[in-house]
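Some notes on the structure that comes next.
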Number of protein chains: 2
Amino acid sequence: MNKPARKARSGARRSVTIKDVARYAGVSPMTVSRVVNGGQYVSDPTRQTVLQAVRQLGYSPNLAARNLASARGERLGLLYGNPSASYLSEFLVGALDAATRHGVQLVLEKCELTPAASRRAVRRLVAGGVVGVVLPPPLCESAVIRAELQAARMRIVAVAAGRPPADAMCVSIDDFEAAREMTRYLLALGHQRLGFVKGHPNQTASDQRWHGFVAAVQEHGGLPPPRVEQGFFTFRSGLDAARKLLATEPVPTAIFASNDDMAAAVMAEAHRRVLEVPNDLTVVGFDDSLIAANIWPGLTTIHQPIAQMAGEAVDMLVTAVRGGRRGGGGGAELVHRLVAHELVARESAARPRTATA
Amino acid sequence: MNKPARKARSGARRSVTIKDVARYAGVSPMTVSRVVNGGQYVSDPTRQTVLQAVRQLGYSPNLAARNLASARGERLGLLYGNPSASYLSEFLVGALDAATRHGVQLVLEKCELTPAASRRAVRRLVAGGVVGVVLPPPLCESAVIRAELQAARMRIVAVAAGRPPADAMCVSIDDFEAAREMTRYLLALGHQRLGFVKGHPNQTASDQRWHGFVAAVQEHGGLPPPRVEQGFFTFRSGLDAARKLLATEPVPTAIFASNDDMAAAVMAEAHRRVLEVPNDLTVVGFDDSLIAANIWPGLTTIHQPIAQMAGEAVDMLVTAVRGGRRGGGGGAELVHRLVAHELVARESAARPRTATA
DNA sequence: CCCTCGGTTGGTATCGCTACCATGTGCCCG
DNA sequence: CGGGCACATGGTAGCGATACCAACCGAGGG
């Protein structure tokens, strides 16, 4: 038998259980459990004793057992769509990390944006015993998917939706504020003739960014009207927009694209026209996706703490699911959490040539 | 009691347990367990019946219960280093998917390449009860990390190491063959003056790709000696290499960079010199990373089925761990699995201007 | 013909923890 | 003064799966 082998290996392994702590503290396992889980009906002296024992013995609860007993081995789903978003990598890291911390399982499911595909994906999730779902962009914008999920009684957290949907929890940065900040940055550099490439019209974040841009322009005042083109968050659409923006005089001295892919496209088109970035043209983006640091010159952009956001989303889901099971039925508190963004200045933005410092 | 209420509501909710499957298949839970875990003492008819039931009911074992009962910390680790590799995203998707399929938990751990950091990361993994680790590049090349892991008796699968390490399982594409294929492709287009940007010298894949390139050049024969520069897989290093390659006459008509980031850098530098790609210069890369399709012109490159490779790695780990525990001690079969690559032709490669078709 | 033996099954205990109920205090209120 | 209520605690019964052993069964050897 290989039992002896196991024994030998484990030696150091065997962990201290709740019973050990209970015995050590001279109370029942139940009391220990209550203390550890922040239960309410424990007297303060007892609590201190137990906490002491926990520290002394280095007790750490067995996740598997806890999950099993509390039937909280909940699975969470992560529905992802367009994987071109270099988002996904960081997003997954953050989400998985949080999931591991909470001891919940994370199930991935790919999903196109068509109703049929959504339905299929949701069905697969339900079949997999998933009780809550994280929705990264652009799926978080799809009312169809949200409705489908809601019908299956899933909890939902939308990540990085520009405007929080009314029917789901949400974690995002303040797209409006971030765009305003970036625009102010451009204005502070001395730019006057601005160009803007809008994002995909069916993502609410696009609006927020656009409005932030407009707000900054208006509060500054006295500028020639900015040139605006519609984009769709793809490199290709950025190229088209850039072509139009750069074709007609007077050419903008700074172009703010609603995401990095489009900003990269603007830079590519600028190069084609032998405009040097940033000396002849300043280009800034949004997202701080992988491409931002991997092109030359590096792209000045807005950094979103994607991993953190994904993690928070999972946290929210876990508390919602657990609290929901515990607390009275359906008391759906729809939290909306904002996290901090950051303007990352790289090489693609500079004072305009004609700046009147 | 709210039990009835739960029952009523649950219908779709309540996950199916091993007992349900057993009842459905008309056998005991034990037998189901044996089938699911690939146990040996099950007759074929019984096995089929059970598998059928599993599929019908959509059964998926409860991780918590399994871990608790078997005390088998069946967690797998994924040690990732340099996340600049846009690799990570797809890699995670594949790995997580496989992990979910097998019902094992995947624990992520970030790890720098220094010995100290490796030691710390491994310690964290051990503390987390991890029994096997997936090593994506570039970590799979680090003998230090492998040694560290092996000392902790972990199973290891290295992914995309150019040359399989002697002491670990491995899944990769045939870098040599892929590079040779790409080079033949360039030669077939009519290119004669070739440039090559080598990859980071401490990754064995770099060698393989370089040798594949050389092999194709030699088997073709009668070419001027190719121009070669050392790169380090970073955009920056690609820029430096491109500068040198394009500075001295005669300029190559095609440049093969050992990865996409460097290829993108070559393209950027070409643009700066007002060389049009692909008309004035053909550029090809390797990896088919996100950037390849998101620049203009699109990069002709070698596609690696990253997600699939990651999935296979997890599969191998699972069978190794389960088989290893069961089967006689230490019969470490070090499998090395090759998966198919694919040459993806986009717009960055064309016949040279001076081609003598 | 019985007994052993290897392949195949089912029963039972148990993993570590928590839900749930019972119990036991002290205290206020009717 | 007894019932009720808010706290504080302990006991018991599982959660879903596997380990381990017992039981069965057909075949072959003594």
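Atoms considered below: every heavy atom in the structure, side chains included; atoms not considered: hydrogens, waters and symmetry mates.
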Review point. If each of Gly26(B) and Ala65(B) is mapped to the nucleotide of DNA chain C with the nearest heavy atom, which maps nearer the 5' terminus, i.e. the 5' end?
Key: Gly26(B)
Exercise for review: Go through dC17(C), dG16(D), dG10(D) for me and flag the one nearest to the Ala69(B) side chain.
Suggested key: dG16(D)
Exercise for review: Please report, rounded to the nearest Å, how far the C1' atom of dC17(C) is from the CG atom of Asn67(B).
Suggested key: 14 Å
Revision key, fill the gap. To the nearest angstrom, the CZ-P distance between Arg23(A) and dG10(D) comes to 14 Å
Practice item. To the nearest Å, give me how far apart OH (Tyr41(B)) and P (dT18(D)) are. Key: 18 Å
Review point. If you check every side-chain atom of Leu68(B), which of dG16(D), dC17(C), dG10(D) has the closest atom?
Key: dG16(D)
Review point. Can you find a side chain N or O atom of Ser28(B) that sits less than 4.0 Å from OP1 or OP2 on dG11(C)?
Key: no
Review point. Does a nitrogen or oxygen in the side chain of Arg66(B) sit under 4.0 Å from OP1 or OP2 of dT18(D)?
Key: yes
**Study point:** Shortest side-chain distance from Ile18(B), nucleotide among dT18(D), dT9(D), dT9(C)
**Key:** dT18(D)
Point to revise | Side-chain (Thr46(A)) to main-chain (Val42(A)) donor-acceptor, under 3.5 angstrom | key: no
Study note, to complete from the structure: Rounded to 10°, the angle between the first-five-pair and last-five-pair axes of the helix from dC1(C)-dG30(D) to dC27(C)-dG4(D) is 60°
Practice item. Nearest whole angstrom, please: distance from the C1' of dC21(D) to the CZ of Arg34(B). Key: 11 Å
Check your understanding: Nearest to the side chain of Asn62(A), which nucleotide is it out of dC17(C), dA8(D), dA17(D)?
Key -> dC17(C)
Revision key, fill the gap. Considering only heavy side-chain atoms of Val27(A), the closest of dT9(C), dG10(D), dT18(D) is dG10(D)
Review point. With a non-hydrogen cut-off below 4.0 angstrom, is Pro61(A) in contact with a base, only sugar-phosphate, or nothing?
Key: sugar-phosphate
**Study point:** Shortest non-hydrogen separation from His336(B) to Ser172(B) and the atoms involved
**Key:** NE2-OG, 3.4 Å
Check your understanding: For the pair made of CE in Met30(B) and C1' in dG16(D), what is the distance, rounded to whole Å?
Key -> 13 Å
Check your understanding: Under the 3.5 angstrom rule, does the side chain of Ser33(B) hit a backbone N or O of Pro29(B) as a donor-acceptor pair?
Key -> no
Check your understanding: From the list dT18(C), dA17(D), dT18(D), which nucleotide is the closest neighbour of the side chain of Asn37(B)?
Key -> dT18(D)
